[in-house]
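Written out below as structure tokens is the structure these notes cover.
Chain letters run A, B, ... following the sequence lines, proteins first and then strands; every chain starts at 1. In this text, all values refer to a predicted model and were calculated from it rather than measured experimentally.
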Protein chains: 2
Amino acid sequence: MKQNKHSIFNDIPDEQKSGVVFKNHQLKKKIIKLLDKKGATTINDISKKFNSSSPKVNKLIQELIDEGLIEDLGKAETDVGRRPHLYGLIGDSMYFLGVDLGRNSIEIGLMDFNENPIHFSRDIEFNLENSEKSLLQLCDIINRFIDQNPGWRNKIVRIGVNLSGRVNHLSGYSHNFFNFTKTPLSSILEEKTGVPCFIENDTRARAFYEFYSHKSKDSGNILYINADYGLGLGVLAQGRLLYGKSGYAGEFGHIPFFENEIICICGKKGCLETEVSGRALEKQFKDKLKEGQSSSLQHSFANLENIRMDDIIKAANNDDTLSIELIGVMAEKLGKGITTLIHLYNPELIIFGGALAKSKDHFFLPLQMTVNKYSLSIVRADTQLELSKGTEGAGVLGACYLAKHKVLNPNPS
Amino acid sequence: MKQNKHSIFNDIPDEQKSGVVFKNHQLKKKIIKLLDKKGATTINDISKKFNSSSPKVNKLIQELIDEGLIEDLGKAETDVGRRPHLYGLIGDSMYFLGVDLGRNSIEIGLMDFNENPIHFSRDIEFNLENSEKSLLQLCDIINRFIDQNPGWRNKIVRIGVNLSGRVNHLSGYSHNFFNFTKTPLSSILEEKTGVPCFIENDTRARAFYEFYSHKSKDSGNILYINADYGLGLGVLAQGRLLYGKSGYAGEFGHIPFFENEIICICGKKGCLETEVSGRALEKQFKDKLKEGQSSSLQHSFANLENIRMDDIIKAANNDDTLSIELIGVMAEKLGKGITTLIHLYNPELIIFGGALAKSKDHFFLPLQMTVNKYSLSIVRADTQLELSKGTEGAGVLGACYLAKHKVLNPNPS
DNA sequence: AATAATTAATAAATTATTTTATTAATATAG
DNA sequence: CTATATTAATAAAATAATTTATTAATTATT
């Protein structure tokens with residue numbers, strides 16, 4: 001495959017690992033990271049920040065300009081003295097590609113360094129199977145997306161691919177899909193596309209989108225609850241995604257929470273998910289109808305078994321009393337679970353997303369009430385609760401943001 | 001106060017922040033960190049590790065020898081070629097001081113860079129009050145400890161002080177004690193002793209001792225449960241102590257867990273601690289006696305109200321059936337809580353300490369059974385459960401280890 | 001036992017970086 | 001409108017680092 005032009009974020013050869021070339025390379029990366037964080041910056045500020053002389057920084061800046069990565073943004077406004085030049089990233093110089101694998105479709109998106117969307121394709125037909133054929137099809141779809149525009153391939157510096165199930169982001173192995181080769185999945189993708197790739201769990205990628213796109217992220221302790229058909233959790237602790245020993249951290253849906261007899265999809269009984277999830281909501285709704293309770297949905301469905309989570313949520317938003325009640329009770333139960341999370345992670349923010357969060361206040365108000373009831377006020381005071389805006393393509397965006405994050409922070413998570 | 005001689009871990013003046021002096025200083029610190037981690041190392045290995053030339057490393061090594069921090073350990077064994085010299089830290093060149101504040105006593109310990117104990121003083125009389133007098137007394141005790149040996153003061157590079165309650169390790173403010181000044185507590189201690197100081201929550205310091213002294217700490221995801229009069233938790237997530245937004249992370253004892261009517265010391269009802277803690281055990285034990293159940297302890301106590309947690313644990317270890325039963329039931333309840341922790345943190349190890357853990361198998365076996373019963377086997381498989389060895393002076397040792405850790409890792413937590 | 005092969009340490013040569021001095025650009029005061 | 005003060009950028013000088021060549025130390029081999 002074609003080699004990416006932008007070597008700045010590719011590893012440099014081993015023989016150069018010692019010496020000046022390597023150190024200049026490192027410093028250039030640091031400069032780019034700084035410009036990304038702070039925006040337009042002067043040579044003096046950069047040289048102070050990195051304890052490097054201004055002639056040295058000047059030289060590297062000139063090289064970065066020649067490489068097409070940064071540009072001179074003119075002079076800064078100052079009160080006195082000669083005005084320094086400002087330098088900033090050329091957002092269009094580098095791209096990130098995000099891929100979100102669903103069961104029956106793929107979504108792909110391209111984002112530039114300034115986080116502007118370049119192009120998105122939704123609902124690309126794809127049959128996810130644990131087979132080599134399916135994997136090759138995936139690579140083909142990605143390559144065809146990239147080749148839509150001849151200028152793109154050379155600009156893409158990293159590709160992130162979201163998969164459901166257990167994913168080892170460090171080794172690049174997926175546990176549930178494409179696990180038939182000795183080579184890590186990420187390496188195969190890399191070989192087929194010619195661009196460095198990584199894989200990530202889809203809920204965590206979505207969570208990362210929420211974390212990254214949110215304004216207030218002071219201390220970096222944020223939780224994202226995905227209340228959908230299942231119940232997922234993504235954790236950002238002290239600025240880093242939490243994985244735990246093998247990537248299971250945040251298995252919120254399966255903590256033992258109820259003394260009930262409902263068997264969870266995980267095989268255990270009493271999991272939080274057995275009573276708090278879209279799946280549980282469907283079950284509870286149908287049970288109530290069988291018990292003789294009424295709902296506006298009865299008119300729309302000939303066969304009540306066809307009622308789905310989304311229908312119930314829509315009904316609640318159209319004032320269906322039974323739906324509102326069930327969602328409210330569920331939110332109260334979730335609130336107690338959230339209190340546990342607040343005490344264990346002491347987050348500054350919890351964001352609620354997924355289908356259930358779409359029922360807005362019917363879900364959010366009882367949730368908040370319960371959290372207030374059960375939590376220590378001194379701990380609770382730290383934590384802000386928020387509904388997700390439910391942005392389309394959060395998964396793909398999360399993969400793109402993660403790609404950018406990994407490019408700028410190669411060492412830790 | 002006398003200034004510490006070892007400037008290597010003190011911040012260098014601002015005017016030197018640019019330039020060669022600063023960079024050499026940084027590289028020397030990196031060398032010391034490497035020697036601490038890897039033990040005896042050659043100049044070539046160091047220069048490769050840090051992308052620095054061997055003449056440069058050679059020069060810095062000579063300087064470090066002159067400063068008395070490292071020593072030439074003779075030649076390495078090699079198969080072929082000239083044998084390189086090995087260099088290693090002089091453990092005795094730098095000390096760490098740990099201070100553990102109890103309600104009525106202080107414990108102080110001194111440890112060298114190789115983690116050898118130098119001197120420990122237990123049960124120093126001290127009355128902890130939120131007053132300036134009490135604070136001055138504390139400083140006096142610390143200074144008197146240091147002055148026991150005229151050679152110590154100059155060798156101590158950092159002092160760690162453990163306090164109960166909420167502690168901000170970053171700002172240096174304590175929430176519950178010595179909170180009457182605008183100056184952070186850590187700065188006051190620093191001024192009075194002439195050595196850089198930090199403060200930390202006592203449970204977290206204890207937890208850090210357990211993490212640091214344990215052999216297997218691969219991925220750095222470890223929990224420490226302090227099952228004592230209260231119920232505490234210390235979390236090491238991805239190699240870093242977990243604090244959360246304001247240092248409340250790990251408030252395990254106060255998660256809403258029971259539908260009971262017992263008012264917790266925190267003011268809420270239903271907290272895990274209301275039924276799982278030494279405090280709860282005392283209450284339950286006395287209630288059972290009042291209900292007419294019998295125990296061997298009835299013979300030893302004229303007034304049954306004087307029975308304490310430690311007596312019940314001792315009784316259990318001497319085959320007292322009632323004590324064993326109560327501890328067993330408590331361990332089962334804790335097991336369910338532990339399962340929640342396993343699902344949320346996916347740790348590789350959980351260590352159980354505190355007084356309750358001293359009842360060994362009476363506590364540990366029912367605990368393990370319950371964890372196995374409630375947890376997802378695939379997540380559970382990652383987690384090893386262990387009883388703490390219950391080392392004397394774990395708090396002071398934790399403060400010393402933390403001091404060393406902070407000296408070697410100044411940037412993150 | 002002498003020699004070749006190998007690697008470490010050091011010295012010398014080369015290259016790179018920083019420091020300083022100089023020139024350029026800009027605002028303010030007289 | 002010019003002089004002065006102030007800061008940026010650049011050039012020159014000084015310093016420091018790396019690279020290379022050389023010498024030293026060591027094992028295996030002839």
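Close to D/dT18, at under 4.0 Å from its OP1 or OP2, lies a side-chain N or O of B/S52. Contact annotation: B/N24 side-chain N/O to D/dA17 OP1/OP2 distance is under 4.0 Å. Within the structure, a side-chain polar atom (N or O) of A/K23 is placed less than 4.0 Å from OP1 or OP2 of D/dT18.
B/R82 has its CZ atom 18 Å from the P atom of D/dA28, to the nearest Å. Rounded to an integer number of Å, the gap from B/N58 CG to D/dT23 C1' is 15 Å. One can place CZ of A/F50 at 14 Å from P of C/dT18, the figure rounded to the nearest angstrom.
With the nearest nucleotide of DNA chain C identified for both B/Y87 and A/R83, B/Y87 has the one nearer the 5' end. Where A/K75 and A/V57 each meet DNA chain C at their nearest nucleotide, the meeting point lying more 5' is that of A/V57.
At most 12 non-hydrogen atoms from other residues, nucleotides or ligands lie less than 6.0 angstrom from CG of B/D79.
Nearest to the side-chain atoms of A/K56 among the listed nucleotides C/dT18, C/dA9, C/dT7 stands C/dT18. Comparing C/dT17, D/dA9, C/dA8 against the side chain of A/K59 picks out C/dT17 as the nearest.
Under the Watson-Crick or G-U wobble criterion, with both distances below 3.5 Å, D/dT30 is paired with C/dA1.
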